[in-house]
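Have a look at the structure below, then the notes.
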Amino acid sequence: MSDAGDRAVPDPLRGAAVPEATAAIEAVDLEVGYGHLPVLRGLSMAVRPGEIVSLLGANGAGKTTTLLALAGVLSPISGSVLMSGRPAPVGLHRRAAAGLALICEDRSVFMGLTCRENLRLGRGSIEDSLELMPDLEPLLDRKVGLMSGGEQQMLTLARALAGRPSVLLADELTLGLAPLIVARLLACLRTAADRGVGVLIVEERAKRALQVSDRVCVLRRGEIVMEGTAVEMSSRVAEIEASYLSETADAAVSGPRSIEQ
Ligand code: ATP
C-alpha cells in the first residue's frame with residue numbers, strides 16, 4: 001500500500017528509482033456486496049497519479065463492483081476508500097466534486113441533445129474536450145443519438161477528462177469498438193495519465209490490458225490474485241487467462257447467483 005511518504009522505489013519499466021506518490025485513489029481492505037451477498041472480500045489496491053492500472057478478471061469476478069465501490073456508488077460493509085491519502089467523501093456526487101470521474105458501461109450521454117450540449121453538461125470546457133479529442137469538432141452539432149457508439153464513447157471520455165479529474169475510473173471503455181476508435185480512446189487515456197490523472201480501467205482482455213497499462217491487477221471471486229507492472233505480467237499471460245478459465249469453471253459448478261438490489 002502506498003502512503004504519504006516520498007519513498008524511492010525501483011520502477012521496473014524504466015529501471016530507475018522514482019518517488020512513490022500518494023495514491024490518487026486507494027481501496028483498503030474493502031468488503032462490498034449486494035444485500036447480504038459479499039462480492040469483494042478484503043480488496044486492497046491503489047492507483048497512483050500518472051499511471052494507468054487495468055483491472056482484469058472473468059465475468060462476475062467483481063470488476064464493476066470494485067469501480068462502483070471506489071466511486072462511492074456502493075457503500076462498503078467494511079474497509080475504506082482513500083483519495084489522495086484522505087478518507088474519500090461519501091457518495092458519488094461528493095467524490096466527483098473531490099476530483100473523481102466515473103465512466104460506466106452505459107456511457108451516460110443524452111441521446112436527444114447535441115454533442116455540444118452534452119459537453120456543456122460536463123465539468124470542463126468544450127475547448128478542453130476538443131483539445132483532448134479533436135475528432136469531436138465536426139460532430140458538435142450532431143444529435144448524440146445519431147453518433148456511432150465509438151463517437152459517443154469519445155464524447156464521454158473527453159467530457160470526463162475536460163473536468164480535470166484527479167482520478168478516472170472507466171468500465172469496459174473500448175468494448176466492441178472499432179480499432180481506430182480504440183486507439184483514439186487509449187491515446188487520450190495516456191495523455192490524461194501523463195498529465196497526472198490516476199486511471200483505472202476495467203478490461204476483460206489480458207493482452208490489451210498489458211499493452212495500455214502501467215500496472216495490472218487480476219481479480220478472482222472478489223480478491224486480487226495477481227498484481228504487477230505490465231512488464232512483469234506480460235510473461236504471465238497464460239497464468240492470467242488460466243485464472244479466468246478456472247473462475248468460469250467454478251461458476252458453472254456453483255450455478256448462477258441470485259440477484260438482489
Ligand atoms: P462482468 O465482466 O460480467 O461485468 P464483473 O467482474 O464486472 O463482471 P460484477 O458485475 O462486479 O462483476 O459482479 C460481481 C458479482 O456480483 C457477480 O456474481 C454478480 O452476479 C453480482 N452482482 C452484480 N450486481 C449485483 C446486484 N445488483 N445484485 C446482486 N448481485 C450482483
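Atoms within each ligand, like the ligands themselves, are counted from 1 in listed order. Keep in mind it's a predicted model, so treat the numbers as computed, not measured. The chain is numbered in sequence order, starting from 1.
Less than 4.0 angstrom separates some heavy atom of Val39 from each of these atoms of ligand 1: 14 (C), 15 (C), 16 (O). Close approach of ligand 1 to Ala58 is summarised as follows: ligand atoms under 4.0 Å from at least one heavy atom of the residue are 6 (O). Taking every non-hydrogen atom of Thr65 and a distance limit under 4.0 Å, the qualifying atoms of ligand 1 come out as 9 (P), 11 (O), 13 (O), 14 (C).
Of the candidates Ala69, Gly33, Gly62, Gly60, the one placing a heavy atom closest to atom 1 (P) of ligand 1 is Gly60.
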- Message: Run the side chain to side chain donor-acceptor pair (under 3.5 Å) test on Asp171 and Thr64 for me, step by step, so that the C-alpha distance in whole Å, both residues' side-chain angles and the decisive distance to 0.1 Å come before the verdict.
- Response: CA-CA 7 Å; Asp171 203 350; Thr64 299; 2.8 Å; yes
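Taking any N or O of Ala61, backbone or side chain, at least one lies under 3.5 Å from an N or O belonging to ligand 1. Considering backbone and side-chain atoms together, Lys63 places an N or O closer than 3.5 Å to an N or O of ligand 1. An N or O contact shorter than 3.5 Å links Asn59 to ligand 1 by distance.
A donor-acceptor pair under 3.5 Å is absent between the side-chain atoms of Arg116 and the main chain of Leu140, judged by distance alone.
Within 6.0 Å of the CZ atom in Arg208, the count of heavy atoms belonging to other residues, nucleotides or ligands exceeds 12.
A salt bridge between Asp128 and Arg123 is absent, with no side-chain N of the basic residue lying under 4.0 Å from a carboxylate O of the acidic one.
A 4.5 Å side-chain heavy-atom check between Ile103 and Leu157 finds at least one atom pair inside the cut-off. For the pair Arg195 and Leu161, the minimum side-chain heavy-atom distance is 4.5 Å or more.
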